[in-house]
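Working notes, beginning with the structure itself.
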Number of protein chains: 2
Amino acid sequence: MSAPAATEHSAVAPAPEAVFQALADSTRLRCLALIVTHGELCVCELVHALELSQPKISRHLKLLRETGLVADRRERIWVHYRLADTLPFWTRTTLDAVVAEHADSPPFADDARRLAHMADRPDGRCSN
Amino acid sequence: MSAPAATEHSAVAPAPEAVFQALADSTRLRCLALIVTHGELCVCELVHALELSQPKISRHLKLLRETGLVADRRERIWVHYRLADTLPFWTRTTLDAVVAEHADSPPFADDARRLAHMADRPDGRCSN
DNA sequence: TTGCAATATTCGATCTTCCGTATATTCTAA
DNA sequence: TTAGAATATACGGAAGATCGAATATTGCAA
């Protein structure tokens, strides 16, 4: 084989263009912003916070996973998404910087507020 | 008027998605990497360093300009491009981080090498 | 003026991305 | 087993991105 498999979340660092492409969508960026600030979140929490359809959220999470930005973990009926452990340093720097500068503005602030007020969150997460 | 004009390079900070979209192309990212490391560069220098067609470079520079990432300055027959003065902090952080981590790898290292070896650079720039 | 070098733009064609809708899968509890 | 909740995927269609090739513009010098 000449090039890395590139089928699933490979161990090789993703090309910068691919990372930026993944960040170049408001749905994906809003999901990542919540994950950066709140840690692990399941799909239903993101659907609730962003007020978007479940298939839409799921499709965007799949792209983030294939790009290597997030990892998923199944627990009972829920799938939890978190930042990938193998995230390149510059990628983590970028995420922290953009979130720090926009977390208090729409739509990110509204997403965080809706997540905090969500009832019956999985894993006994409470609104704090 | 309800929304900002959004016709030319406006003074309002560009949305993060728009910035990431602008960075999500290898031609634009290579141009920016050279500009970050070398300061102001003219179109012919970018064409030479990246070994791409002039219309292609010019089109991508236009998008970078309209997104607010670069500013241009005409001097005689040359147009010089530099990082925009109004670049948001997080954007500058992102550019510095991604360049620091990739400047020594292809294709960025090759671009810098070709630029350094370019003959007859404008403005009396020499290869250093 | 005329010609040339540097840069910008236009035009179609092709490829990709994104979406809503519908359906499939997975897991759990009854 | 069967039903339902949570999540994922498949299927078109519409909108957007990118390209090569051709052409237009701008500035300068002869």
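First the proteins, then the strands, lettered A, B, ... as listed; each starts at 1. What you see is a predicted model, and the numbers here were worked out from it, not measured in a lab.
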* Look at the side-chain N and O atoms of B/H60 and state whether any lies under 4.0 Å from the OP1 or OP2 oxygen of D/dA17. => no
* Asked: Can you find a side chain N or O atom of A/R76 that sits less than 4.0 Å from OP1 or OP2 on C/dT26?
  -> no
* Structure fact -> Closest of D/dT18, C/dA22, C/dT7 to the A/P55 side chain is C/dA22
* Side chains of B/T94 and A/V98: closer than 4.5 Å at any heavy-atom pair? -> no
* Asked: Side-chain contact, heavy-atom cut-off 4.5 Å: B/L32 with B/V99?
  -> no
* To do: Side chain of B/S58 only, please: which of C/dC19, C/dT7, D/dA8 is the nearest?
  => C/dT7
* Asked: Taking the nucleotide of DNA chain C with the closest heavy atom to each, which residue, A/E75 or A/R28, is nearer the 5' end?
  -> A/R28
* Distance, rounded to the nearest Å, where B/K62 contributes NZ and D/dA17 contributes P -> 13 Å
* Asked: In whole Å, what is the span from the CG atom of B/D25 to the P atom of C/dT17?
  -> 12 Å
* **Whole angstrom value for the distance that separates P of D/dA17 from CG of B/L64** => 14 Å
* Asked: So which one's nearest nucleotide on DNA chain D is more toward 5', B/Q54 or B/R59?
  -> B/R59
* To do: Measure the distance from CZ on B/R74 to P on D/dT25 and round it to the nearest whole Å.
  => 13 Å
* Atom CG of A/D120 to atom C1' of D/dA6: distance rounded to whole Å? -> 14 Å
* To do: For the residue pair A/W90 and B/H102, categorise the inter-ring angle as parallel (less than 30°), tilted (30 to 60°) or perpendicular (more than 60°).
  => perpendicular
* Does B/Y81 put a side-chain nitrogen or oxygen below 4.0 Å from OP1 or OP2 of C/dA6? -> no
* Asked: Roughly how many Å is it from CG in B/L52 to P in D/dA21, rounded to a whole number?
  -> 13 Å
* Could you check how far CD1 of A/I77 sits from P of D/dA6, rounded to whole Å? => 5 Å
* Return the value, rounded to whole Å, for the distance between atom CD of B/E66 and atom P of D/dT18. => 13 Å
* Identify the heavy atoms of B/D25 and A/E17 that sit nearest to each other, and give their distance. => C-CG, 3.9 Å
* Considering only D/dA17, C/dT7, D/dT9, which nucleotide approaches the side chain of A/R65 most closely? -> D/dT9
* Asked: Would you call B/D96-B/R92 a salt bridge at under 4.0 Å N-O?
  -> yes
